[in-house]
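Structure, as structure tokens:
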Amino acid sequence: MQAILLAGGLGTRLRSVVSDRPKPMAPVGDRPFLEYVVHELSRCGIDEMIFAVGYKGGMVEAYFGDGSRFGVKASYAYEEELLGTAGAIKNAGRLTTADRFFVLNADTFYQMDYRRLIRAQEEMGLSMALVLRGVEDISRYGEAALTDGFLTGFNEKTNVPRPGTINGGVYLMTRGLLETIPEGKVSLENEMIPAWMREGRRLGGIVHDGYFIDIGVPEDYFRFQEDVKKGAVRW
């Protein structure tokens, strides 16, 4: 299995504490955050990583090389300009060889069995399977909703604080869907997924309520460091 790891963002919200490297390369103990992500994917049988890199992307390649030191195969798709999430997937997609592949943000960490997403896609015949996660207040994010496993709402805004599910930013995508993404700067969340829903494409997935963290802001970056020290993060 292959995975595209989106590691090309500027990481501006974390710059106050990590200013000299890409956000996914933020140090956690004696290794970068991204190594935890790679290790978790590899543990689930995802053994080929395509790093979609931009800002200081050479640091990612210098560390992971061909991936052999980490038990995986690694390759790199560089952005000459910011392409947005879907644009970055399109750019990295030229390095994929499989009929389906995972896509995830390289600054987030899930402790989960990624094979659950494979099973959901196969059982429901999905063009894209995605992970939703439960939160106490969806008004901060925009709600994503499943009905009988199919995606029926996505990034729907509300001013009413209430618990619900939101997009978790992990996808299992087919090559056929990749080919519908236009060239250039395109957002997966704001453009492509809403368009695919309007077209009636089969999108669905699972809800994961286990360990998850996004290190995009300093307090969550520090929390992940503490979780690693406490042994809450599997290694």
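At least one donor-acceptor pair closer than 3.5 Å links the side chain of Arg69 to the backbone N or O of Tyr63. No donor-acceptor pair under 3.5 Å is formed between the side chain of Asn105 and the backbone N or O of Asp107. Side chain of Tyr110 to main chain of Gly168: a donor-acceptor pair is present (N/O by atom type, distance under 3.5 Å, no hydrogens or angles). Not one N or O on the side chain of Arg21 forms a donor-acceptor pair closer than 3.5 Å with the backbone of Pro27. One N or O on the side chain of Arg202 and one on the backbone of Gly125 form a donor-acceptor pair closer than 3.5 Å. When atom types are taken as modelled, the side chain of Thr174 and the backbone of Ser127 share a donor-acceptor pair closer than 3.5 angstrom. Side-chain atoms of Thr85 come within 3.5 Å of backbone atoms of Leu188 as a donor-acceptor pair (strictly under, hydrogens ignored). For the pair Tyr78 (side chain) and Gly8 (backbone), a donor-acceptor distance under 3.5 Å is absent. Judged purely by atom type and a 3.5 angstrom limit, Gln2 uses its side chain to pair as donor or acceptor with the backbone of Thr97.
The hydrophobic clustering, which links ILVMFWY residues whose side-chain heavy atoms are closer than 4.5 Å, places Leu177 and Phe150 apart. Under a hydrophobic-cluster definition in which Ile, Leu, Val, Met, Phe, Trp and Tyr are linked whenever side-chain heavy atoms come within less than 4.5 Å, directly or via other members, Leu34 and Phe222 are assigned to the same cluster. Linking Ile, Leu, Val, Met, Phe, Trp and Tyr whenever their side-chain heavy atoms come within less than 4.5 Å leaves Tyr76 and Met59 in two separate clusters. If you chain together hydrophobic residues whose side chains sit under 4.5 Å apart, Met25 and Phe51 fall into the same group. Hydrophobic clustering (side-chain heavy atoms under 4.5 Å, transitive across Ile, Leu, Val, Met, Phe, Trp, Tyr) groups Val37 together with Val53.
Distance check, rounded to the nearest 0.5 Å: CE of Met173 to CD of Gln121 gives 10.5 Å. Note: Phe212 CZ to Asp220 CG = 9.0 Å, rounded to the nearest 0.5 Å. Ile181 CD1 to Leu83 CG: the interatomic distance, rounded to the nearest 0.5 Å, is 11.0 Å. Rounded to the nearest 0.5 Å, atoms NE2 (His208) and CG (Asp113) are 10.0 Å apart.
Using a cut-off of 4.0 Å between Lys/Arg side-chain N and Asp/Glu carboxylate O, Glu122 and Arg100 are scored as salt-bridged.
The minimum heavy-atom distance linking Met192 with Pro182 is given by the pair SD-CD, 3.8 Å. Considering every non-hydrogen atom in both Ala106 and Phe33, the closest pair reads O-CE2, 3.4 Å. When every heavy atom of Leu126 is checked against every heavy atom of Gly205, the shortest pair comes out as CD1-N, 4.0 Å. Counting all heavy atoms, side chain and backbone alike, Leu178 lies closest to Lys90 at O-NZ, 3.6 Å. Of all non-hydrogen atoms in Gln111 and Ala232, the two that sit nearest each other are NE2-O, 3.4 Å. Ala145 approaches Thr165 most closely through the heavy-atom pair CA-OG1, 4.2 Å.
Glu40 and Tyr36 are not linked by any side-chain donor-acceptor pair at a separation below 3.5 angstrom, with hydrogens and angles left out of the test. In summary, the side chains of Thr158 and Glu143 do not present any donor paired with an acceptor at a separation below 3.5 Å, with no hydrogens or angles considered.
Under a cut-off of 6.0 angstrom, the local environment of CD in Glu199 is crowded, with over 12 non-hydrogen atoms contributed by other residues, nucleotides or ligands.
Under the 6.0 Å distance and 45° angle rule, Arg43 does not count as a cation-pi partner of Tyr114.
Tyr211 and Phe224 have tilted rings, their planes meeting at an angle from 30° to 60° on a 0 to 90° scale.
With a 4.5 Å cut-off between side-chain heavy atoms of Ile, Leu, Val, Met, Phe, Trp and Tyr, the cluster of Val135 takes in Ile138, Tyr141, Ile166.
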Output, in order, the C-alpha distance, side-chain angles, deciding distance and verdict of salt bridge (charged side-chain N to carboxylate O under 4.0 Å, His left out) for Lys229 and Glu226.
-> CA-CA 5 Å; Lys229 290 178 183 177; Glu226 289 302 313; 3.6 Å; yes

